[in-house]
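Report on the following structure.
Keep in mind the model is a prediction, meaning the values are calculated, not measured.
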Amino acid sequence: MNSAVPARERWRGLFRRGAGAPGEAPGDEQTDATMGIRLRRFAGPAAYLDQVSSLRIAHLTDQHVGRVTSIRVQRAAVALTNLQRPDLVVLTGDFVCHSQLYLDQLEEVVRGFEAPVIAVLGNHDHWSGADAVKRALERGGAAVLCNANTVITLGHERLQVVGLDDAYTGHASREKAVKGMRRDLPTLGLSHIAEEADGLWRHGVPLVLSGHTHAGQVTVARLNELSIGKIAGHRYIHGLYGTRKRAEPGQGAVYVGAGIGAAVMPLRLGERGQREVAIFELGSEPGSFDEHHAEQVPHQGRKPSPELMASRAARVARNRERRARAVQHDESRAVQHDESRAVQHDESRALRHDEGSAGGEA
């Protein structure tokens, strides 16, 4: 390291570029236009070759619109996505951080996409109020799939999309999501939690797009494998897993996006931990163009215990009760304010009446 460069500047450069973990190339220095957001391209699974001539899907996840991630970053992600001219934009959850304070900004962000948008919810959306987040997404023009599937026509192509609600907080229902799903159409799966892909593959979904992990945000020295894999217990940390080859029934591919925003700290170190927009070319054969990386071996992972799932569900319930109490408190204060103004108005009228009567008597 060049000792002539002040330590502060060296660290600034590290934060800007992303220090590569072993085997990783350092990323380009961020520009004002892209805000350091990486663009990563992949071909879709071979299963689409007989079903799709050409569909370009843009995938973004974990936008966490709010004070931790600036609106400039959100707008840059939208602009970068629009430049790719996708046929469809899919968003895989965690649209907010810890509150509903920035739903107007979320609506603005979603409305900025030029292609149709389909979304599923994540754990932060349920912690903050899933119904309110869903309404904001819909006001922005997104279709939100909560354990449901839909068929969308894109040009002369038809694509079936199945979306799971958030599995982290216990809201996912694969049975509901696949009910009525057609077998004669190309199908794309969406789930905030990547591990749900294993079940969707068994229903003939060859590709599932997901998020949640932020790729660990710090991938230097493979720290993300420790934090997200061994400690948090995820099988899929970031990028492409499974297989895109013509596979046996019950097999498929899953992609875990690195996300755009952050809920606590915006720090991202390492090329794989940088913000990203991922592009999937359905109808292109795997290996027909240069891709960011190939399929990876999944980590061992472990299922969350019943106690942990109960704790997550309880957090959703507590937050819902807290919001309800806050609404009741605000309504009570509003009533008290109105009653106080009414009393003051009546007292003022009575005083004027008394003064008028006194003047008449005089």
Side-chain angles (χ1 to χ4, degrees), residues 1 5-31 34-40 42 59-70 72-74 76-77 80 92-98 122-124 127 168 192-195 209-241 254-278 292-302 304:
M1 186 173 288
V5 180
R8 180 179 298 177
E9 292 303 316
R10 293 199 300 270
W11 276 105
R12 283 177 178 170
L14 180 66
F15 281 94
R16 280 196 304 267
R17 295 188 298 272
E24 293 183 344
D28 296 331
E29 185 171 334
Q30 74 178 38
T31 66
T34 64
M35 301 296 292
I37 301 170
R38 304 308 198 255
L39 183 67
R40 291 164 177 155
F42 301 88
H59 173 228
L60 296 85
T61 191
D62 295 84
Q63 285 148 300
H64 288 292
V65 175
R67 63 183 180 84
V68 178
T69 304
S70 76
R72 289 179 61 223
V73 170
Q74 305 290 352
L80 180 60
T92 52
D94 275 6
F95 298 98
V96 296
C97 292
H98 308 285
N123 53 294
H124 277 267
W127 287 339
Y168 188 88
H192 186 59
I193 300 299
E195 282 74 18
L209 304 180
S210 65
H212 182 66
T213 67
H214 302 196
Q217 292 190 205
V218 178
T219 61
V220 176
R222 297 183 176 177
L223 288 175
N224 58 331
E225 296 181 11
L226 173 64
S227 61
I228 304 300
K230 292 186 178 180
I231 296 176
H234 285 283
R235 293 186 67 208
Y236 310 121
I237 297 175
H238 170 249
L240 198 58
Y241 298 89
V254 61
Y255 188 85
V256 188
I260 296 297
V264 181
M265 292 180 59
L267 172 67
R268 288 178 179 263
L269 289 176
E271 172 62 17
R272 290 292 288 269
Q274 301 304 303
R275 302 180 178 106
E276 72 168 30
V277 172
H292 184 265
H293 61 271
E295 291 90 331
Q296 306 161 102
V297 176
H299 296 261
Q300 183 175 358
R302 64 179 180 277

Leu226: partners by side chain to side chain contact (heavy atoms under 4.5 Å, CB included), with sequence neighbours left out: Lys230, Ile231

Less than 4.0 Å between a side-chain N and a carboxylate O, is that true for Arg268 and Glu276? no

Distance (rounded to the nearest 0.5 Å) between [X] [atom1] and [Y] [atom2]:
X: His212; Y: His234; atom1: NE2; atom2: NE2; answer: 4.0 Å
X: Leu209; Y: Tyr255; atom1: CG; atom2: OH; answer: 9.5 Å
X: Asn123; Y: Ile193; atom1: CG; atom2: CD1; answer: 6.0 Å
X: His214; Y: Thr61; atom1: NE2; atom2: OG1; answer: 7.5 Å
X: Leu60; Y: Phe95; atom1: CG; atom2: CZ; answer: 9.5 Å

Contact check, side chains of [X] and [Y], non-hydrogen atoms, under 4.5 Å:
X: His192; Y: Asp62; result: yes
X: Arg38; Y: Arg272; result: no
X: Gln74; Y: Thr69; result: yes
X: Val68; Y: Val264; result: no

For the pair Gln274 (side chain) and Gly36 (backbone), establish whether a donor and an acceptor sit closer than 3.5 Å, ignoring hydrogens and angles. no

Given 3.5 Å as the limit, does a donor-acceptor pair link the side chain of Gln217 with the main chain of Met265, or not? yes

Would Ile260 and Val73 count as a side chain to side chain contact (heavy atoms under 4.5 Å, CB included) if you check the C-alpha gap in whole Å, the side-chain angles of each, and the deciding distance to 0.1 Å? CA-CA 8 Å; Ile260 296 297; Val73 170; 3.9 Å; yes

Mind listing the closest non-hydrogen atom pair of Ala258 and Ala215 along with its distance? CB-CB, 3.8 Å

Restricting to non-hydrogen atoms, name the atom on Tyr236 and the atom on Thr213 that form the minimum distance, rounded to 0.1 Å. O-CG2, 3.9 Å

Parallel, tilted or perpendicular, as decided by the 30° and 60° cut-offs, for the rings of His64 and His124: perpendicular

Describe, in one word, how the ring planes of His293 and His238 are oriented to each other, choosing from parallel (under 30°), tilted (30 to 60°) and perpendicular (over 60°). tilted

Checking His59 now: which residues fulfil side-chain hydrogen bond (donor to acceptor under 3.5 Å, both in side chains) with it, not counting sequence neighbours? Thr92

